[in-house]
Amino acid sequence: IRHKFSFLASVIIFIMVLVMTAVCTQKYNYLWRNQRSYCLYWLALEPQQQLPNFWLATDYLHTNELHLARTHFLLALTRSSIDWEVYVNLGMISYQEGKLQEAIAWNQKALMLNPKSADAFNNLGIVAWEKKDGAAAREFFKKAIAADPNFYKAADNLKIVSAPGQ
């Protein structure tokens with residue numbers, strides 16, 4: 001009888017824990033229903049945190065909210081290991097805004113922190129191509145591929161700028 005009672009008590013406690021977990025997580029499921037709301041919640045608690053600023057900026061960049069993306073990328077700069085990625089993204093924003101010299105400067109900063117950044121090389125190639133400098137664009141795309149042989153976007157870009165008549 002003791003064994004049956006012990007087993008039954010364990011099952012009841014287990015079910016109660018499951019129910020409590022489900023009830024308590026409903027609040028957070030509502031608060032964190034997507035990346036943006038999760039990051040905003042996190043930043044309300046800890047405004048100077050790097051990662052939620054980075055992720056929020058990435059979300060804003062994907063929805064073409066460039067001013068908000070720039071603001072949160074700048075807040076994400078903390079002299080840490082992901083700063084080069086922030087610079088690459090700031091370069092993308094500058095490029096989308098037509099600020100080519102600024103885009104070059106951001107990507108060069110990224111390369112100072114991560115000299116093997118295929119993204120930065122690819123972005124510099126795109127800017128060079130935009131500025132009608134095909135030779136420089138080809139060199140940047142080649143450097144991007146050397147940094148990451150599986151970076152197909154850079155390989156595609158190199159094919160485009162190397163096509164006859166380009």
Side-chain angles (χ1 to χ4, degrees), residues 25 28-166:
T25 59
Y28 294 104
N29 285 338
Y30 174 75
L31 287 174
W32 302 338
R33 61 192 166 275
N34 59 40
Q35 177 175 318
R36 186 175 292 188
S37 58
Y38 173 75
C39 290
L40 289 170
Y41 176 79
W42 187 355
L43 288 170
L45 299 175
E46 301 177 72
Q48 298 306 314
Q49 286 294 313
Q50 180 185 34
L51 289 176
N53 276 302
F54 182 82
W55 294 329
L56 187 58
T58 302
D59 187 53
Y60 285 134
L61 182 59
H62 289 190
T63 57
N64 210 33
E65 298 172 74
L66 301 181
H67 177 71
L68 290 169
R70 178 187 302 276
T71 299
H72 284 281
F73 276 129
L74 289 170
L75 289 170
L77 289 172
T78 59
R79 296 189 174 112
S80 73
S81 62
I82 71 163
D83 277 359
W84 71 270
E85 293 178 88
V86 173
Y87 290 136
V88 166
N89 284 296
L90 286 167
M92 288 173 47
I93 292 169
S94 295
Y95 174 77
Q96 289 178 10
E97 294 174 334
K99 300 173 183 175
L100 301 184
Q101 286 306 118
E102 191 175 288
I104 291 169
W106 286 123
N107 282 287
Q108 287 173 336
K109 280 187 172 191
L111 287 171
M112 287 172 41
L113 294 176
N114 180 3
K116 295 185 179 189
S117 171
D119 290 312
F121 284 125
N122 185 64
N123 292 350
L124 287 168
I126 291 169
V127 172
W129 182 246
E130 180 82 18
K131 293 177 81 174
K132 310 290 187 227
D133 188 349
R138 279 188 289 281
E139 288 306 309
F140 283 124
F141 294 138
K142 287 177 185 176
K143 288 180 180 182
I145 295 165
D148 181 357
N150 295 316
F151 193 19
Y152 300 111
K153 193 183 302 183
D156 291 342
N157 289 336
L158 180 60
K159 286 178 190 173
I160 292 168
V161 300
S162 299
Q166 296 299 327

Sub-4.5 Å side-chain heavy-atom contact between Asn64 and Gln96: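 Heavy-atom side-chain distance check passes, below 4.5 Å.
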
I need the full list of ring-ring contact (aromatic ring centres under 6.0 Å, His included) pairs touching [range], with sequence neighbours left out, sorted by first then second residue.
| range | value |
| --- | --- |
| residues 46-71 | Trp42-Trp55, Phe54-Phe73, Tyr60-His72 |
| residues 108-165 | none |
| residues 85-104 | Tyr87-Trp106 |

Enter the distance from [X]:[atom1] to [Y]:[atom2] here, rounded to the nearest 0.5 Å.
| X | Y | atom1 | atom2 | answer |
| --- | --- | --- | --- | --- |
| Glu102 | Ile104 | CD | CD1 | 11.0 Å |
| Leu56 | Leu75 | CG | CG | 9.5 Å |
| Leu40 | Leu45 | CG | CG | 11.0 Å |
| Met112 | Asp83 | CE | CG | 11.5 Å |
| Leu100 | Ile126 | CG | CD1 | 11.5 Å |

Does any pair with a residue in [range] pass salt bridge (charged side-chain N to carboxylate O under 4.0 Å, His left out), and if so which ones, sequence neighbours excluded?
| range | value |
| --- | --- |
| residues 84-101 | Arg70-Glu97, Glu97-Lys99 |
| residues 35-60 | Arg36-Asp59, Arg36-Glu65 |
| residues 120-139 | Glu139-Lys142 |
| residues 87-96 | none |

For the side chain of Asp148 and the backbone of Ala144, is there at least one donor-acceptor N/O pair under 3.5 Å apart?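 No: the side chain of Asp148 does not pair with the backbone of Ala144.
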
Exercise: identify the closest heavy-atom pair between Ala76 and Val86: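 The answer is CB-CG2, 4.1 Å.
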
Ignoring hydrogens, what is the shortest heavy-atom contact between Ala120 and Asn107? Give both atom names and the distance.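 Result for this residue pair: CA-OD1, 3.4 Å.
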
Walk me through whether Leu111 and Leu124 qualify under side-chain contact (heavy atoms from CB on, under 4.5 Å). CA-CA 10 Å; Leu111 287 171; Leu124 287 168; 3.6 Å; yes

Show every donor-acceptor pair shorter than 3.5 Å between a side-chain atom in residues 155-165 and any protein atom, with sequence neighbours excluded, or say none if there are none.
from	atom 1	to	atom 2	distance (Å)
Asn157	ND2	Asn122	OD1	2.9
Asn157	ND2	Lys153	O	3.3
Ser162	OG	Leu158	O	2.8

Tell me every residue that passes side chain to side chain contact (heavy atoms under 4.5 Å, CB included) with Ala44, counting only those two or more places apart in sequence or in another chain.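 Side chain to side chain contact (heavy atoms under 4.5 Å, CB included) check on Ala44 returns nothing, list empty.
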
